[in-house]
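The block underneath contains the structure these notes are about, expressed in structure tokens.
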Amino acid sequence: MNIPFSPPYIDEDVINEVIDSLKSGWITTGPKVKALEDGIAEYTGAPKVVAVNSWTSGAILSLRWLGLKEGDEVIVPAYTYCATAMAVMDAGGVPVMVDINQDISIDVDAIRKAITSKTKAILPVDVGGWPCDYSAIIDLVNEPGIRKMFTANSDVQSKIGRIMIISDAAHSFGATADGRSMGTTGDINIFSLHAVKNLTSAEGGAICLNLPIPFDNEEIYKLFRVLSLNGQTKDALDKAKAGGWRYDIIAHGLKINMPDMNAAVALAQLRKYDYLLMERKRVFYRYCAALSKHDWAILPAQDRENQTSSYHIFALRIKGITESQRDKIIEEIAVSGVAVNVHYIPMPMLTLFKNLGYDINKYPISYDTYIREISLPIYPQLTDDQVDFVINSLENAYTKILNNA
Ligand SMILES: *Cc1c(COP(=O)(O)O)cnc(C)c1O
């Protein structure tokens, strides 16, 4: 049986929505992008949403707007996809990496220890779709001592008056924590709409603006829209209208707008997102039920009263194995036709970051998670039979590799 790791969800409704965009004669940023932005705002409760062409570009835009100066620091977990840290570097800041908890979320005590007078933002990452402890992070940045240490060097920084929380919600569309939907837990919350993510536009990102008073999210939305179009005051649709040719460039923006053709894919998925999430949940709990009988299986964090996942990744860990045994188990599973993955190689182990002086020895939980982690396929299209096949492949691979040890 051939089981891919994460194929996109493309049904007739998605195809028809894209065809509709093509036939409309308008393929770049226009009505479908607007409908997607409004739909995500409605689904998550975020006050305003700006669609862009990736999570990465959305994070760079947000951090540039925050006004990072040379030497400014942004705290990120060591255990994430490299884009989290690279967006900080692209916006002129220094990523300060901290370790994670056993549930793979960023360690809030480690954040506290890493805060300095140069800290301008924290980028918590909801790895696998499991929300970070936002209540604790919000309390932390509002502590009088921490606020006092904050040194504002830009208008935006003066206005917020504390460390900004920009959540990397690349995985967590549809997850909830403490009665809040992802998209509303940080000051800015960014979803990735990349092809492997829960909700996708092939490539894309959605910036959820949830800025506190005195910010006006409506006004910041308009600014971000302009900044995503090279700083141009009119988008292509406005300029295409008769007599609408004149425009101005009011700031040094980026060119990162989302095309309507892409928005169409996500728009059709969004309409049935409750169903898609329910199907992911089915797969997630089928794995949990089957694997909980093995004492070697460390299951990912499971829903509880105040915290629910978006079931983006099934991050299984295996007790008592070495990195090379993990690799052999993956090879053995691949022989059966099942594609699995590892989330993540901690950033300090990647050449770029190693060369910059980051040292994996400072992140023991990230390292320990990495060596024993195997991500199992999880998506709505997986049938129960396929899930059982994956479980069987894993069990056989484990037995074979560990008995030959
Ligand atoms: C996918 C991903 C990103 C980057 O998203 P793009 O839309 O590809 O830029 C960032 N952070 C995490 C945790 C991701 O998984």
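For ligands, and for the atoms within them, numbers begin at 1 and follow the listed sequence.
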- Message: Suppose we screen for ring-ring contact (aromatic ring centres under 6.0 Å, His included). Which residues come up paired with F314, at least two apart in sequence or across chains?
- Response: F284, Y287

Atom pairs and distances, side-chain donor-acceptor, residues 343-355, under 3.5 Å, sequence neighbours left out:
| residue | atom | partner | partner atom | Å |
| --- | --- | --- | --- | --- |
| H343 | ND1 | S375 | OG | 2.7 |
| Y344 | OH | H171 | NE2 | 3.0 |

- According to the interplanar angle, ranging from 0 to 90°, do the rings of H294 and W296 count as parallel (below 30°), tilted (30 to 60°) or perpendicular (above 60°)? parallel

Would you be so kind as to tabulate the donor-acceptor pairs closer than 3.5 Å made by side chains of residues 60-70, with sequence neighbours excluded?
| residue | atom | partner | partner atom | Å |
| --- | --- | --- | --- | --- |
| S62 | OG | G58 | O | 2.8 |
| R64 | NH2 | H252 | O | 3.1 |
| K69 | NZ | N153 | O | 2.7 |

- Query: Between Y81 and D168, do the side chains contain an N or O donor and an N or O acceptor separated by less than 3.5 Å?
  - Reply: no

- Message: Less than 6.0 angstrom separating the ring centers of Y363 and Y358, yes or no?
- Response: no

- Task: Non-hydrogen atoms closer than 4.0 Å to ligand 1: which protein residues do they belong to? List them by chain and number, please.
- Result: S54, W55, T56, T80, Y81, A83, T84, V125, D168, A170, H171, S192, H194, K197, G204, Y344

